[in-house]
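Heads up: the structure comes next, in structure tokens.
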Amino acid sequence: MYASRADVTRALVTARVEKDVSWAKIAAVVGRSKEWTTAACLGQMAFEPHEAQALIALLGLQAGAQPWLCSIPSKGTLEGGAPSDPLIYRWYEIVSVYGPAIKELIHEEFGDGIMSAIDFRMHIEREPDPAGDRVNVRISGKFLPYKPF
């Protein structure tokens, strides 16, 4: 039995590694993008019941995982200050270095508001390059203007 979403996440990741199942394969079975599905498997999104059932069947998880997989998670759960994982730290670094410029450019183009992380799309793919393959990440979030009241 699972006592928390963290328990389900650990069991899911363990089963994925033991069964050598890619995130793309899991996404295909679930019926969502690999980016969203991976975030959901890592505890950042809530699955629909039929998606959770497909995931449980694919990885051989206990049925008790479904309520946790379908529950609304606490998002953005990186612990501590700056992350220590080098890849995640580079994202932190991008936002730290370029965040103010991104903010200024979005405000100049759209006005006073934010880019949604709720109405949001992301796609990650390999970009071949003679000097070494590149990581191509496309993100798109709905613009939400601040409204005076």
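Numbers for residues simply follow the sequence, beginning at 1.
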Derivation and outcome, side chain to side chain contact (heavy atoms under 4.5 Å, CB included), residues V13 and L42 | CA-CA 8 Å; V13 170; L42 296 175; 3.9 Å; yes
Validation row: [X], [Y] side chains within 4.5 angstrom (heavy atoms):
X: L69; Y: I56; value: yes
X: K25; Y: L58; value: yes
X: I114; Y: I106; value: no

Among the clusters formed by ILVMFWY side chains lying less than 4.5 Å apart, do M122 and I26 turn up in the same one?
-> no
Is there a donor-acceptor pair under 3.5 Å between the side chain of [X] and the backbone N or O of [Y]?
X: H123; Y: V137; answer: no
X: Y2; Y: Q62; answer: yes
X: R32; Y: A27; answer: no
X: K34; Y: I124; answer: yes

I need the [X] [atom1] to [Y] [atom2] distance, nearest 0.5 Å.
X: Q44; Y: R5; atom1: CD; atom2: CZ; value: 8.5 Å
X: F120; Y: M115; atom1: CZ; atom2: CE; value: 5.0 Å
X: I102; Y: I94; atom1: CD1; atom2: CD1; value: 8.0 Å

Take atom [atom1] of [X] as the centre, draw a 6.0 Å sphere, and report whether it contains more than 12 heavy atoms from other residues, nucleotides or ligands.
X: D112; atom1: CG; value: yes
X: R138; atom1: CZ; value: yes
X: L144; atom1: CG; value: yes

Step-by-step salt bridge (charged side-chain N to carboxylate O under 4.0 Å, His left out) determination, E35 to R121 = CA-CA 9 Å; E35 294 81 8; R121 296 183 196 118; over 6 Å; no
Scan residues 92-108 for pairs that pass salt bridge (charged side-chain N to carboxylate O under 4.0 Å, His left out), counting only residues two or more places apart or in two chains.
-> R90-E93
Using the benzene-type ring in the case of Trp, are the ring centres of W68 and F47 under 6.0 Å apart?
-> no
